[in-house]
Amino acid sequence: MRQTLLSIGLAAVCSAQLSAQSEFTLKTQTLTDPENQPLAVHPVPSERQLLWNETEFYAFFHYGMNTFTNKEWGYGDEAETIYAPTQQPNPKQWLESVKAAGMKGGIAVVKHHDGFCLWPTETTTHSIKNLSGNASYNIAEGFANAARELGMKYGFYVSPWDRNSAHYGKDNYVTDVFLEQCAELSKYGDDQFEMWFDGANGDDGYYGGAREVRRVDASYYYDIPNLRDRVHRICKNCVMWGVGGEARWIGNEQGYAGETNWGTFDPAVESNAIRQTGVEGGWQWQPGESDAKATDAGWFWHSGESFKSAETLFKMYLETVGRNATLILNCPPDKTGSLPAATVNGLKELGNLINTRLGSDLAKTAKIEVSETRTSGATRTYAAANMTDGNKETYWATNDGTNQATITLTWDQAQTVRYVQMMENIRLGQRIQDFKIEYTTDGNTWKELAKNIQTTTVGYKRIIPLNGNTSSSYGSGYQAKGLRITIEKSISCPTLSNLSVF
Ligand code: FUL
């Protein structure tokens, strides 16, 4: 409606001016969208943020100097020769193993705070460059090649804080070391999906022998505009995480996001609690990523550590991917340069669990009725069927001004239902603010499910365990002849690109 009024207004102004000036035939242009798509609710994701969101579940591989010193944070004074893999590192094995868990990619730590670089960089001698045998293997190159071979997404963790560099804390560290390192890493593939930087405000370290405390203010020290420019010039779809400002830390490292979780954010009001929920009406699109460990010790491999149970990790999955965040799950390679057998087996078990529980979609066999369907455009429809066609480009929507709606799924025979999954078409912004889910056993009486869960936001993806419990979400389920989703509040007319029932 706003577009139509605007176009009529513009046409009227133009025509008045032109008829006063000349008698040429006037061809009016209208701003009306022939496809009748809803207007976006801003801010909306950039193309690279959208592609990043689709990665959903991916791995972190913390591996490097600390693997050989049993530390989590090296001081920066470690001799290069301490890094001594007992076999040739095998990033293909890392990625194959996480693929079995349903992950779509991974981020390899190629430089942690100790400053040791796992690729032959020109920026420092503190790298694999002058090592030999297994230690000279270029992890950045091997990881990128393996990911491409396996059809997976990949990226690198490069620590801005560098406890080895004599230059850290000075301007030339950023220009001559850090930005150069990021640019060098970009060259391992223009198809990288994310580069990972931590908070990085500095602290004590070796710093070329100075052995002192050096602190910086990460909000300006790392020259973010140039960092983004250097990387995006080569890798246009590489999201700059953390200090890079294109995806936010979720505020904890335990593997959960807020039940209410907005992709919108406002750095001016940030706190760990606010990071978990995002900011409704925030001026930036900065979706949440949850970083968590699949093992029970540190980020790096430590002797005697164990892999968490498939149930624990499935709960984490529901509380992150199922709450409009992405999950980057850490699986540390050991001194052989491969993932230990317990990790490989645990990942397989997790993959099986996810497949069994979220693998066969009952919405595809349901009859779906909606309270309203938006008027079609020239080539586009907004029909209910768009939610179950497996096409992320199509979506259901209501007309402008209709911010409440019901979607009813019915089956001839009762089905055992445990989870409802919804995805908004976030290209048009995150809109839904409140919804509820009910079920019926007889087709007449409806009972609300998951009442204890905040069924508020949806965003890129929301998975609701219908028993209201992420810890023991599977249970015996509900025998449903029908499920009804009522969208009770939405910033503007709601859109859904996917609706699944498991
Ligand atoms: C943090 C680091 O300090 C930890 O060592 C780890 O790498 C974690 C993922 O990010 O900022």
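It should be emphasised that the depicted structure is a prediction, and the values quoted were computed from it without experimental measurement. Just follow the structure's listing: the first ligand is 1, and inside any ligand the first atom is 1.
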Note to self: Centre-to-centre under 6.0 Å for F60 and W196, is that the case here?
What the structure shows: yes
Note to self: Which label fits W73 and H113: parallel for a plane angle under 30°, tilted from 30 to 60°, or perpendicular past 60°?
What the structure shows: perpendicular
Margin query: Check for me whether the distance between the ring centres of F193 and Y58 falls short of 6.0 Å.
Written below: yes
Margin query: For S290 and T320, which I'm curious about, is there any donor-acceptor pair between the side chains at under 3.5 Å?
Written below: no
Item checked: With K315 via salt bridge (Lys or Arg N to Asp or Glu O under 4.0 Å) - residues at least two apart -> E319
Next item on the list: Measure centre to centre between the rings of Y83 and F68, then say whether the value is under 6.0 Å.
Entry: yes
Which N/O atoms of ligand 1 sit under 3.5 Å from a protein N/O, and at what distances?
from     : atom 1 : to   : atom 2 : distance (Å)
ligand 1 : 3 (O)  : W73  : NE1    : 3.1
ligand 1 : 3 (O)  : H113 : NE2    : 2.8
ligand 1 : 5 (O)  : W73  : NE1    : 3.0
ligand 1 : 5 (O)  : H112 : NE2    : 2.9
ligand 1 : 7 (O)  : H62  : NE2    : 2.7
ligand 1 : 7 (O)  : H112 : NE2    : 2.9
ligand 1 : 7 (O)  : Y157 : OH     : 2.9
ligand 1 : 11 (O) : D198 : OD2    : 3.2

